[in-house]
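Beneath this line is the structure, given in structure tokens, with notes to follow.
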Protein chains: 2
Amino acid sequence: MLESIALGMLLERDLTGYDIKKLIENGIGVFYKASFGSLYPALKRLTQKGYLTTSEKPQGGRQKIFYHMTEKGREEFFDWLSSPMDIFEGTNTHLAKVYFFDNLEPEIREQKLLEYEINNKNYLSKLKDLEKKFDGMEHKECFYYKLSTLYYGICITQKTIQWCRHIRMQKALPDLIERER
Amino acid sequence: MLESIALGMLLERDLTGYDIKKLIENGIGVFYKASFGSLYPALKRLTQKGYLTTSEKPQGGRQKIFYHMTEKGREEFFDWLSSPMDIFEGTNTHLAKVYFFDNLEPEIREQKLLEYEINNKNYLSKLKDLEKKFDGMEHKECFYYKLSTLYYGICITQKTIQWCRHIRMQKALPDLIERER
DNA sequence: TCGCCCATGTAAAGAGTTACATGATTAA
DNA sequence: TTAATCATGTAACTCTTTACATGGGCGA
């Protein structure tokens with residue numbers, strides 16, 4: 001996973017490991033986190049497999065290692081990108097907790113849910129700030145899909161907040177979902 | 001994570017590893033998957049830590065190992081259940097792909113998104129079947145929270161399908177989200 | 001008797017986290 | 001000068017997946 005993402009970040013230009021980390025945080029960071037402890041070994045593996053080449057460019061007394069994608073790496077990346085999108089991926093820790101909430105005392109339950117709702121609201125704020133940042137930019141058609149993931153995050157967070165509110169008030173569950181007609 | 005879930009499943013009665021696997025599939029399975037390869041070692045760890053005790057009850061020529069939660073295990077479980085619910089958990093593989101879709105040829109992109117939408121629709125059908133199964137049951141108030149996770153799954157999957165359709169048609173992204181007024 | 005579900009496990013490999021360890025540059 | 005950020009990495013650990021290995025019970 002991280003290997004594919006790292007390759008993707010290197011599509012357009014050569015980057016250092018640190019750059020890649022920043023790009024992940026600022027871009028895909030909405031739904032994916034990477035640590036240095038996983039990133040640097042991943043870059044090493046990719047280099048060993050021949051997907052990347054490195055060039056050390058000392059700037060001042062500081063070592064900087066730029067990674068460059070090979071043709072083989074490019075193929076690998078597009079293979080991943082074109083591979084099937086089945087569902088089922090993310091395990092949701094919080095839902096797992098809620099699943100057992102019937103066994104929890106009402107006050108704590110109430111408090112946990114409110115906490116979760118607030119965390120989601122804060123997160124939504126961050127996402128909306130991001131949205132605003134991109135809103136004024138030109139050539140948005142060049143990164144429609146990149147942006148679409150941000151909007152996905154916003155949608156889902158909004159729904160999650162609605163859901164929290166709904167079950168905090170113990171409203172009827174079937175009212176939560178949309179019935180077609 | 002899996003350890004906590006296994007403990008949760010053992011709250012009410014003693015179960016075998018196999019039982020726990022089934023319970024996870026049928027309950028929390030909406031958003032969490034566990035394999036035997038992770039479950040059995042997890043149960044072993046929990047036993048070593050003193051959270052579980054085991055009792056072998058051979059039934060016929062078949063060995064069956066029932067797990068029973070100790071008081072210590074119960075405490076551990078409720079500690080987990082009461083621990084903070086921050087956000088950020090699930091890495092979403094598919095979103096990671098979509099993030100790079102600007103670099104993909106339109107036809108493949110189109111196809112992948114449609115594929116994803118269809119997978120989500122199939123998944124939604126499964127969830128709605130589950131919903132129907134629970135719909136007729138009595139004492140629904142005893143598992144309101146358990147059920148709420150199913151409804152969460154339905155909500156989110158519906159939103160995801162909407163999002164797929166929206167971006168497949170390349171509609172304006174800001175129209176996706178709800179603006180308060 | 002054949003296939004499916006029940007039932008328990010191990011081994012190898014993969015992926016990631018956290019903490020540690022080091023040091024340079026830059027802006028307040 | 002000091003704190004933040006830039007920059008790279010390792011080590012130990014945890015968790016999980018996939019594949020393998022074994023065998024009983026049961027219904028058609």
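Hydrogens, waters and symmetry mates play no part in the numbers below; they use all other heavy atoms, side chains included. This one's a predicted model, so the numbers in the text were calculated from it and none came from an experiment. Naming convention: chains lettered A, B, ... in sequence-line order (proteins, then strands); numbering from 1 in each chain.
Spacing between atom CZ of A/Phe66 and atom P of D/dC6 amounts to 14 Å, rounded to whole angstrom units. Atom pair B/Ile65:CD1 and D/dT22:P shows a separation of 18 Å (rounding to whole Å applied). C/dC4 atom P lies 14 Å from atom NZ of B/Lys22, rounded to whole Å. Nucleotide D/dC15 holds its C1' atom 9 Å from the CG atom of B/Leu2, rounded to whole Å. Rounded to whole Å, the distance from NZ on B/Lys57 to C1' on C/dC6 is 17 Å. One atom, CD of A/Gln63, and another, C1' of C/dA21, lie 13 Å apart when rounded to the nearest Å. Rounded to an integer number of Å, the gap from OH of A/Tyr67 to P of D/dT8 is 7 Å. Atom P of nucleotide C/dG16 and atom NZ of A/Lys33 are separated by 14 Å, given to the nearest angstrom.
Nearest-nucleotide positions on DNA chain C for A/Glu3 and A/Phe36 put A/Glu3 closer to the 5' end.
Among the heavy atoms of the strands, none lies under 4.0 Å from A/Lys21.
Out of C/dA7, D/dT16, C/dT18, the shortest distance to the side chain of A/Ser35 is found at C/dT18. Among C/dG16, D/dT5, C/dC5, the nucleotide with an atom closest to any side-chain atom of A/Tyr32 is C/dG16.
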Could you walk me through whether B/Phe100 and A/Phe77 pass ring pair (Phe, Tyr, Trp, His ring centres under 6.0 Å), step by step? CA-CA 10 Å; B/Phe100 294 112; A/Phe77 174 73; 5.2 Å; yes

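Within residues 37-50 of chain A, the residues that place at least one heavy atom under 4.0 Å from DNA chain C are, in residue-number order, A/Gly37, A/Ser38.
The side chain of A/Lys64 places no N or O atom within less than 4.0 Å of a non-bridging phosphate oxygen (OP1 or OP2) of D/dC6. Taking only side-chain nitrogens and oxygens, A/Thr16 comes nearer than 4.0 Å to OP1 or OP2 of D/dT8.
Aromatic ring centres of A/Phe36 and A/Tyr18: separated by under 6.0 Å.
Salt bridge annotation for B/Lys72-B/Glu76: absent, with no cationic side-chain nitrogen under 4.0 angstrom from a carboxylate oxygen.
With no hydrogens or angles considered, a side-chain donor-acceptor pair links B/Lys97 and A/Ser83 at under 3.5 Å. Between the side chains of B/Ser125 and B/Asn122, no donor N or O sits under 3.5 Å from an acceptor N or O.
By the criterion of side-chain heavy atoms lying less than 4.5 angstrom apart, applied directly or through intervening Ile, Leu, Val, Met, Phe, Trp or Tyr residues, B/Met137 is grouped together with B/Leu130 in one hydrophobic cluster.
Under the salt bridge (charged side-chain N to carboxylate O under 4.0 Å, His left out) criterion, the residue pairs touching residues 151-161 of chain B are B/Lys159-B/Glu178, with sequence neighbours excluded.
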